[in-house]
Each structure stands twice: as C-alpha cells, then as structure tokens.
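These notes concern the structure reproduced below.
All ligand and atom numbering here is 1-based and tracks the order in the structure. Atoms considered below: every heavy atom in the structure, side chains included; atoms not considered: hydrogens, waters and symmetry mates.
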Amino acid sequence: MLSASIAGILLLPAASLGVEAVDPAARIGPGNPELGRIKADDSRCLECHGIEGMSGDARIPNHAGQFAAYLIKQLRDFQSGARHHEVMNLMAEDLSAGDMADIAAYFASLPVMSGPRIGDFPEAEKLFERGDAGRNIPACAGCHGNDGKGGRDEHGVYPLIAGQNRVYLHSQLTGWKHEGRSNSPDAVMNKIAGALRDDEIDALANYLSGR
Ligand code: HEC
Ligand code: HEC
C-alpha cells in the first residue's frame, strides 16, 4: 500500500511534507488502556519499558505516547519473526491480538516521551527538516512529523522518534542501514538509513533523543 507514496517521497526534492499533527486520542486505537496496563504488568513489559512507558535503560525503547498502531505492528512483526530480537521475539510469542491492542493502548495513552537536550546538532537538524536531495535522502519530518512526534496519513503510521532513547535510536538506524532490521514497508527505512553516513547517524540519534 505504501509503495506509491514512498516512491513519490523518495523522488521529491528535500521538502517537508508535514504529516499532520494528531489528536492524542487518535494515538490510542481500538484497545482498552486500563486493561492494557494490567496486562503489561502481568506480562512483565513494564519491568523493561517502564511503568510510565519511559525505560531506564538507553538500549530499551520508550513507548510513552507512541502510536498504538505502530506498537501493534512491531509486536506482530516480533511474533512472526519479521523483526528479530531475541528477547522481544519471546515476549511477543503468546500475545493475542486483543492483548497487543490493549497493551499498545496503555502505552499510547501516556504523556508523550521527551528527552534531555545534549547539544546542538545543526547538520542533523537540517537532515531532519530538509533531507539532502543530492543524495536522495528525504526529510525525516516529511513522515515522522515536523516535531518528530510521529504521524499518520492514508498510507499508514509513522512512529514517534523525538524524545526516544539515544542508544536505541542509534541501534535502529544502524540496523536499518545494515539490514539487521528490515520490517519497514517497501524497505523505506533501509533505503534512507543506507544513504546516511555513520557520523550522520550519530548526530541524528543525539539530536532526536533531546526533543
Ligand atoms: C527484558 C526486557 C524486555 C521486556 C520484558 C520486554 N521488552 Fe519490549 N523491548 C526490549 C528491547 C531491548 C527492545 C528493543 C529491540 C531492538 O533493539 O530491536 C524492545 C522493543 C519493543 C518494541 C518495539 C518498539 C519500537 O519503538 O519499535 C515493542 C512494541 C515492545 N518492545 C513491546 C513489549 C511488550 C508489549 C512487552 C511485554 C509483553 C515487552 N516489550 C517486554 C526489551 C524488553
Ligand atoms: C517515507 C517516509 C519516511 C521517511 C522520509 C523517514 N522515515 Fe523513519 N520510518 C518510517 C516508517 C514507515 C517507519 C516504521 C517502520 C516499521 O513499520 O517498522 C520508520 C521507522 C523509523 C525508526 C524506528 C523507530 C522505532 O521506534 O523503532 C527510526 C529511528 C526512524 N524511522 C528514523 C528516521 C530518520 C532519522 C529519518 C530521516 C533521515 C527518517 N526516519 C525518514 C518512514 C519514514
């Protein structure tokens, strides 16, 4: 479904498409957040991802305010093996579709994640806002929103990445680049991260984690 839009975006000059800001309620989706909190506790998700969806370990992603539709897709991908991670493949193994929706709704209902600013990263800011047309790198903001807080359009859901843990962001961008992670629609993130230099990946992780 995403192919036409992504093909279009990849050909565009560096311009932000400005995915629309989303009402917090629209992040939550069909699940029940109260039930989700209980299930997340029983299934031990909160031990690693934090009671308030803010993880205390920089390698483990925050989920606070993340789009439920995105979290559900990742859980399905861990369950099917489309996304590989030893711990998460096991954690997702026994979750039903209802469990996924409820747990995702709980995390999505929490105050949106943000992190401490650790410096100025003008190159990363430019890549985020404008991309680099010469190297066929589209603006991150075009899909992940001008504030990096994610977005949706008729094609799908784009995760919240601003305020995410720095080490986790770095590991995912490196994973996309070297294809250790390859579950994005039409490999869009593999194409984008594949075009980034390692120093740009460092700078983007530093910049995004502090927003
Ligand atoms: C022992 C620690 C641990 C436990 C327990 C755990 N997770 Fe995770 N989770 C991780 C780590 C580490 C990652 C990052 C995986 C990677 O690097 O690809 C992750 C990633 C995820 C992601 C992907 C997030 C993203 O932004 O793409 C989701 C969704 C998730 N976990 C949900 C859950 C749920 C739901 C549970 C409970 C059923 C759970 N996790 C239990 C450690 C844990
Ligand atoms: C054409 C749309 C598009 C553009 C442009 C884009 N992304 Fe993405 N990105 C996505 C989609 C879709 C996903 C979710 C993939 C999935 O379903 O696993 C994603 C996922 C990610 C993730 C993983 C988030 C997580 O929680 O695991 C990171 C990090 C990321 N993108 C960073 C970037 C950066 C940095 C840029 C700019 C250099 C960028 N993206 C540009 C569409 C885009």
Donor-acceptor under 3.5 Å (Ser43 side chain, Cys45 main chain) = no

query = Looking only at protein heavy atoms, which one is nearest to atom 12 (C) of ligand 1, and how far off is it?
reply = His85 CE1, 3.5 Å

Atoms of ligand 2 close to Lys73 [distance to a heavy atom under 4.0 angstrom, numbered from 1] = 16 (C), 17 (O), 18 (O)

request  = Below 4.0 angstrom from a heavy atom of Ala139, which ligand 2 atoms are there? Numbered from 1 as shown, please.
outcome  = 5 (C)

key: Polar atom proximity, Tyr70 to ligand 2 (N or O, under 3.5 Å)   = yes

query = Can you tell me if Gln79 uses its side chain to pair, donor with acceptor, with the backbone of Glu93 under 3.5 Å?
reply = yes

task = Show which atoms of ligand 1 fall inside a sub-4.0 Å distance from at least one heavy-atom site of His63.
result = 21 (C), 22 (C), 24 (C), 28 (C), 29 (C), 30 (C), 31 (N), 32 (C)

message = Is the contact between Arg44 and ligand 1 made by the side chain, the backbone, both, or neither, using heavy atoms and a 4.0 Å cut-off?
response = backbone

ask   = Considering only heavy atoms from C-beta outward, does the side chain of Asn190 approach that of Ser184 to under 4.5 Å?
value = yes

inquiry  = Looking only at distances, can you tell me whether any N or O atom of Arg181, backbone or side chain, sits closer than 3.5 Å to an N or O atom of ligand 2?
reply    = yes

ask   = Short question: side chain of Glu200, backbone of Ala124 - any donor-acceptor pair under 3.5 Å?
value = no

note = When distances are taken from atom 18 (O) of ligand 1, the protein heavy atom at minimum range is Arg83 NH2, 2.9 Å

inquiry  = Under a 4.0 angstrom heavy-atom cut-off, which atoms of ligand 2 come close to Val188?
reply    = 1 (C)

query = Taking the non-hydrogen atoms of Gly142, is any one of them nearer than 4.0 angstrom to ligand 2?
reply = no

query = atom 19 (C) of ligand 1: which protein heavy atom is closest, and how many Å away?
reply = Met88 CG, 3.3 Å

ask   = Can you tell which part of Ala193 has a heavy atom less than 4.0 Å from ligand 2: side chain, backbone, both or neither?
value = neither

key: Val87 neighbourhood, listing ligand 1 atoms whose heavy-atom distance to it stays under 4.0 Å   = 1 (C), 3 (C)

query = Is the backbone of Leu160 close enough, under 3.5 Å, to the side chain of Gln66 for a donor and an acceptor to pair up by distance?
reply = yes

task = Examine the proximity of ligand 2 to Trp176 and report which part, side chain or backbone, both or neither, has a heavy atom under 4.0 Å away.
result = side chain

note = for atom 3 (C) of ligand 1, nearest protein heavy atom and its distance come out as Cys48 SG, 2.8 Å

message = Give me the nearest non-hydrogen protein atom to atom 34 (C) of ligand 1 as residue plus atom name, then the distance to 0.1 Å.
response = Cys45 SG, 3.4 Å

inquiry  = Checking side chain to side chain donor-acceptor pair (under 3.5 Å) between His170 and each of Asp198, Asp202, Asn165, which is the one that passes?
reply    = Asp202

query = With backbone taken as N, CA, C and O and side chain as the heavy atoms from C-beta onward, which portion of Leu173 lies under 4.0 Å from ligand 2: side chain, backbone, both, or neither?
reply = side chain

query = Judging by distance only, is a nitrogen or oxygen of Gln66 under 3.5 angstrom from one on ligand 2?
reply = no

Test item: Asn89 side-chain N/O and His85 main-chain N/O as donor-acceptor pair under 3.5 Å = yes

inquiry  = Check this for me, if you would: do Asp120 and Arg117 make a salt bridge, where the nitrogen-to-carboxylate-oxygen distance has to be below 4.0 angstrom?
reply    = yes

inquiry  = Quick check on contacts: which atoms of ligand 1 are under 4.0 angstrom from a heavy atom of Gln74?
reply    = 27 (O)

query = Just checking, Arg27 and Phe67: is the charged tip under 6.0 Å from the six-membered ring centre and within 45° of the axis?
reply = yes

key: Under 3.5 Å: N/O of His84 near N/O of ligand 1   = no

request  = Could you tell me whether the side chain of His84 and the main chain of Arg181 form a donor-acceptor pair under 3.5 Å?
outcome  = no

ask   = Counting each atom of ligand 2 from 1 as listed, which ones have a heavy atom of Pro138 under 4.0 Å away?
value = 5 (C)

note = Note: Met100, heavy atoms under 4.0 Å from ligand 1, region reported as neither

inquiry  = To check your reading of the model: name the closest protein heavy atom to atom 17 (O) of ligand 1, its residue, and the distance in Å.
reply    = Gln172 NE2, 3.1 Å

task = Drop me the distance from Leu127's CG to Arg197's CZ, to the nearest 0.5 angstrom.
result = 8.0 Å

key: Atoms of ligand 2, numbered as shown, that sit under 4.0 Å from any heavy atom of Cys143   = 1 (C), 2 (C), 3 (C), 4 (C), 5 (C), 43 (C)

key: Pairwise distance NZ(Lys149) to NE2(His144) - rounded to 0.5 angstrom   = 13.0 Å

task = Kindly indicate whether the side chain of Arg59, heavy atoms from C-beta on, has any atom under 4.5 Å from the side chain of Tyr168.
result = no

ask   = Is the closest side-chain heavy-atom distance between Leu71 and Phe107 below 4.5 Å?
value = yes

ask   = Hey, is ligand 1 close enough to Tyr168 that some N/O pair sits below 3.5 Å?
value = yes

Lys39 to ligand 1, any heavy atom closer than 4.0 Å = no

key: Residue His49 atom name (nearest to atom 8 (Fe) of ligand 1; N/O/S)   = NE2

ask   = Any sub-3.5 Å donor-acceptor pair from Ser209's side-chain atoms to Asn206's backbone N or O?
value = yes

query = Looking at Leu169, which atoms of ligand 2 are within less than 4.0 Å of one of its heavy atoms?
reply = 29 (C)

task = Give me the one residue out of Lys39, Arg37, Glu34 that meets side chain to side chain donor-acceptor pair (under 3.5 Å) with Tyr106.
result = Arg37

key: His144, any N or O under 3.5 Å of ligand 2 N or O   = yes

Side chain proximity check, Gln172 to Gln164, heavy atoms < 4.5 angstrom = no

inquiry  = Is it the case that atom CZ in Arg166 sees more than 12 heavy atoms from other parts of the structure closer than 6.0 Å?
reply    = no

ask   = Do any of the N, O or S atoms of Met91 sit under 2.8 Å from atom 8 (Fe) of ligand 1?
value = no

inquiry  = Between Asp186 (side chain only) and Val188 (backbone N and O only), is there a donor and an acceptor less than 3.5 Å apart?
reply    = no

Presence of N, O or S from Met189 under 2.8 Å of atom 8 (Fe) of ligand 2 = yes

key: Donor-acceptor under 3.5 Å (Asn183 side chain, Arg83 main chain)   = no

ask   = At a non-hydrogen distance cut-off of under 4.0 Å, which region of Pro61 contacts ligand 1 (side chain, backbone, both, or neither)?
value = side chain

ask   = For atom 29 (C) of ligand 1, what is the nearest protein heavy atom, given as residue, atom name and distance?
value = Leu71 CD2, 3.7 Å

message = Could you tell me, atom by atom, which parts of ligand 1 come under 4.0 Å of a heavy atom of Phe78?
response = 21 (C), 22 (C), 23 (C)

message = Just to be sure I read this right, does ligand 2 sit under 4.0 Å from the backbone of Asp77, its side chain, both, or neither, counting only heavy atoms?
response = neither

inquiry  = Polar contacts were defined as any N/O atom of the residue lying under 3.5 Å from an N/O atom of the ligand; does this apply to Ser184 and ligand 2?
reply    = no

